[in-house]
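Computation of the quantities below employed the complete heavy-atom set of this structure, encompassing side-chain atoms and omitting hydrogens, waters and symmetry-equivalent molecules. Since we're looking at a predicted model, the values are computed, not measured.
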Amino acid sequence: MKKPELLLPAGSRAALEGAIEGGADAVYMGSSKFNARMRAENFSHEDMRSAIRLSKAYGIKTYITLNTRLYDTELREALSLCSDLYEAGADALIVADMGIAALIKKHIPDLELHASTQLSGHSVSDASALFDAGFSRMVCHREIREDALFDLCSRSPIEIEMFIHGAYCVSFSGQCLMSAVMGGRSGNRGECAQPCRQPYIKEGCKAGGKDYPISLKDMCLAGHIRDIMKTGVASLKIEGRQKSAEYVFGVARIYRRLIDEERNATADEIEYLRSIFSRDGFSDGYFTGDLRSMRGVRTYEDYLKMDKSKFEGLKRKEPVDITLKAKSGEKAAFTIASKHKSYTAVGETVTAAGNIAPISEEGALKNSSRLGSTPFILGSFRFETDGNASLTLSAVNALRREACEGILDTLRKKISLKNETAVKGKKPKREKTVYTAEFLSAQQITPLCEEFFDKIYLPYGYHNEKYHISLPPYLPDSESDKVFECIRNKSVLCHTTGQMARASRVAKEVAGSLRLNIFNSACAEYFAGFSPAFLTVSPEMKRAQIRDLSSPAPIACTVYGRLPLMLLARCAISDGDCKKKNKKELCASSVTDRHGVRFQLYGMGDCTNVIYNSVPIYMADKTDELKKAGITHFHFIFTDESAEECERIIKAYMDHTPPAEGENIRRIN
């Protein structure tokens with residue numbers, strides 16, 4: 001079995017040292033901007049250069065997180081940061097925005113790109129589309145099962161990286177709007193407030209019975225390492241850029257041992273991992289397919305059992321071989337070589353010793369091995385001399401310092417950026433407003449709906465020939481061939497990069513949903529390459545930002561409906577123990593937060609769940625303002641509305657009716 005890479009989080013300098021000491025093959029870390037863990041300590045520009053230097057001295061690869069969605073006003077600064085990271089010697093960027101990815105490949109083509117799990121890649125179709133876009137690796141979803149991992153790794157054109165330890169996001173990564181909508185802290189922008197960790201009352205619970213229906217235990221796949229290694233996965237990733245150095249070091253050394261010994265963890269090793277950090281124990285539910293007993297929160301008992309020993313700092317030294325060449329009449333040379341890199345410093349021409357004593361091997365060794373505060377320790381020493389060389393010890397010291405600096409140097413040539421964020425296309429002008437809608441059920445659709453809307457989408461599995469198809473947001477490879485054959489010559493609404501790419505080759509017409517997370521013009525331009533009927537911008541965008549968006553494809557805006565806040569692979573309605581037999585029926589429930597706010601929860605035919613916002617977007621009285629902002633495609637989302645309510649809403653938009661006084665709604669500002 002080929003050993004996969006062990007990839008550790010480094011949210012601070014101390015955590016980086018913990019990762020190195022624990023045996024990381026690679027680390028991932030974020031700069032002070034544009035990364036999905038803005039609450040981590042992170043690294044300034046100079047600190048990042050130092051961190052990359054330190055990592056490279058130990059032969060450890062550095063992947064820098066640029067895994068947030070970016071607005072147009074941020075693209076120039078973000079690309080400049082990418083240039084700096086390339087110059088500093090970063091091995092790859094972990095990217096979540098297809099816009100900045102396209103710009104990086106255009107202007108910094110030698111910088112390797114890894115697709116963040118925030119890009120919602122989970123299938124061979126996604127991996128293939130990302131390969132075409134210039135990515136070399138995809139971080140797959142945490143929800144992947146063992147059999148699906150085998151299939152994905154065997155068929156993917158790019159490397160697959162997977163999480164094996166740390167916190168589960170209950171929602172598919174990149175498909176969570178809950179923190180942004182509830183508190184204004186965007187998970188897509190690195191500021192998640194973790195509302196999933198709060199108590200909720202789930203419909204059907206005893207009166208007043210609070211629970212944690214959408215808070216999951218931490219992942220631990222230490223008991224499956226041998227099987228994981230057989231899949232051919234390229235990298236095993238530990239979650240935790242907000243965790244301490246103690247956590248990183250402790251987890252790293254266990255997984256280092258398991259990978260090197262090609263074995264699964266013992267019960268004692270898993271208990272030790274639990275003592276470092278857990279939420280009422282661990283779960284491997286997604287990997288094994290047993291979705292029961294996955295819920296968990298951090299308890300006081302977890303804290304009491306916590307291993308509180310301190311990480312004592314980086315003590316590991318990298319052995320190096322040193323060769324000092326000192327022969328009269330030739331230039332002095334000092335070579336330092338680790339197993340990762342070598343460097344030779346060349347000095348002045350050595351003169352014959354004459355009446356003074358030539359440099360001795362003892363003196364040469366003593367001064368050559370003074371590696372002090374460097375990451376190195378002497379492994380072997382070779383002294384090449386003719387026995388008559390006059391080389392001062394101060395000259396040896398200077399050569400040693402130059403050689404050490406040379407082997408530590410990671411800098412690359414500076415990239416020159418010009419017109420780096422220019423986007424070719426502008427929004428096409430349209431005189432007619434286009435109205436589109438998603439419904440959960442055909443029973444909601446009345447003749448007025450059919451008359452008013454230019455396109456109507458129903459979820460795959462609930463559609464009929466009369467209406468268009470919304471693909472499942474999560475589409476496993478085991479289902480994809482059947483689904484894509486079904487949509488041949490039909491119009492479909494797509495939710496991932498891979499769906500857009502594959503559907504564009506077989507469907508009559510494709511369109512992009514809000515799940516694509518389009519925040520900027522470069523991202524819109526990328527997806528416009530699939531010739532979509534329209535692209536729906538992120539509901540996190542403001543009117544002015546949408547107005548200034550450039551796109552060769554028509555841009556749609558969600559002007560009515562409850563936003564899908566979370567997409568769950570594990571059914572919160574059945575608590576992971578689904579007995580549903582009729583896949584044609586929607587399951588309905590709700591969760592209510594501690595403030596009494598109720599969120600509708602629907603179970604789809606594939607047993608995934610969608611949590612919808614408590615209040616709908618309502619812009620019936622603001623449509624003229626939306627049109628002035630250049631928005632001509634108005635998209636509606638209908639969830640729990642009856643057919644009569646759907647008609648009432650349509651009439652309100654036809655008549656530009658303001659909301660009723662005191663009605664709870666959400667606005668596009």
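Partner of Asp91 under the salt bridge (Lys or Arg N to Asp or Glu O under 4.0 Å) criterion, chosen from Lys61, Lys56, Arg137: Lys56. Phe172 pairs in a side-chain contact (heavy atoms from CB on, under 4.5 Å) with only one of the listed residues (Glu143, Gln118, Met566, His495), which is Glu143.
Taken to the nearest 0.5 Å, the CZ atom of Phe534 stands 8.5 Å off from the OG atom of Ser513. The distance from the OG atom of Ser136 to the NE2 atom of His114 is 4.0 Å, given to the nearest 0.5 Å. For the atom pair CZ of Arg241 and NZ of Lys243, the computed distance is 12.0 Å after rounding to the nearest 0.5 Å. Taken to the nearest 0.5 Å, the CD atom of Glu402 stands 5.0 Å off from the OH atom of Tyr343. Separating the CD1 atom in Ile336 from the OG atom in Ser342 is a distance of 10.0 Å, to the nearest 0.5 Å. Rounding to the nearest 0.5 Å places CG of Asn517 at 11.5 Å from CE of Met541.
Contact record, Arg142 with Ala167: NE-O, 3.2 Å, taken as the closest heavy-atom pair. Listed here is the closest heavy atom pair of Tyr28 and Ile238: OH-O, 2.5 Å. Between Ile104 and Cys82, the closest heavy-atom pair is CD1-SG, 3.6 Å. Nearest approach of Leu567 to Arg515, heavy atoms of both residues: CB-NH1, 3.9 Å. When every heavy atom of Lys341 is checked against every heavy atom of Asp409, the shortest pair comes out as NZ-O, 2.6 Å. For Ala345 against Ala403, the heavy-atom pair with the smallest separation is CB-N, 3.8 Å.
Side-chain atoms of Ser504 come within 3.5 Å of backbone N or O of Ala501 as a donor-acceptor pair. Between the Arg547 side chain and the Gly630 main chain, no donor and acceptor come within less than 3.5 Å of each other. Not a single donor-acceptor pair under 3.5 Å links the side chain of Ser179 to the backbone N or O of Cys192. Distance alone, capped at 3.5 Å, places no donor-acceptor pair between the Arg69 side chain and the Asn188 backbone. Remark: side-chain polar atoms of Thr410 are paired, donor with acceptor, to backbone N or O of Ala88 under 3.5 angstrom. Within the 3.5 Å criterion, the main-chain N or O of Phe287 finds no donor-acceptor partner in the side chain of Asp284. The backbone N or O of Pro476 lies less than 3.5 Å from no partner atom in the side chain of Glu479, so there is not a single donor-acceptor pair. At distances below 3.5 Å, not a single donor-acceptor pair connects side-chain atoms of Arg49 with backbone N or O atoms of Glu87. Side-chain atoms of Ser116 do not come within 3.5 Å of backbone N or O of Leu119 as any donor-acceptor pair. Not a single donor-acceptor pair under 3.5 Å links the side chain of Arg155 to the backbone N or O of Val124.
Between the side chains of Ser50 and Arg13, at least one donor N or O sits under 3.5 Å from an acceptor N or O. No donor-acceptor contact under 3.5 angstrom links the side chains of Glu318 and Ser338, judged on distance only.
Side chains of Leu565 and Leu563 form a contact here, defined as non-hydrogen atoms less than 4.5 Å apart.
Tyr286 and Tyr168 have perpendicular rings, their planes meeting at more than 60° on a 0 to 90° scale where under 30° would count as parallel. Using cut-offs of 30° and 60° for the angle between ring planes, the Tyr526 and Phe530 rings count as perpendicular. Between Tyr247 and Phe277, the ring planes are perpendicular. Angles over 60° get that label, and only those under 30° would be called parallel.
Between Tyr474 and His141, the distance separating the two ring centers is shorter than 6.0 angstrom.
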TODO: Walk me through it: do Asp481 and Arg502 pass the test salt bridge (Lys or Arg N to Asp or Glu O under 4.0 Å)?
DONE: CA-CA 10 Å; Asp481 288 344; Arg502 187 169 178 183; 2.8 Å; yes
TODO: Tell me, with the steps shown, if Arg316 and Glu21 meet salt bridge (Lys or Arg N to Asp or Glu O under 4.0 Å).
DONE: CA-CA 6 Å; Arg316 176 183 163 192; Glu21 190 73 17; over 6 Å; no
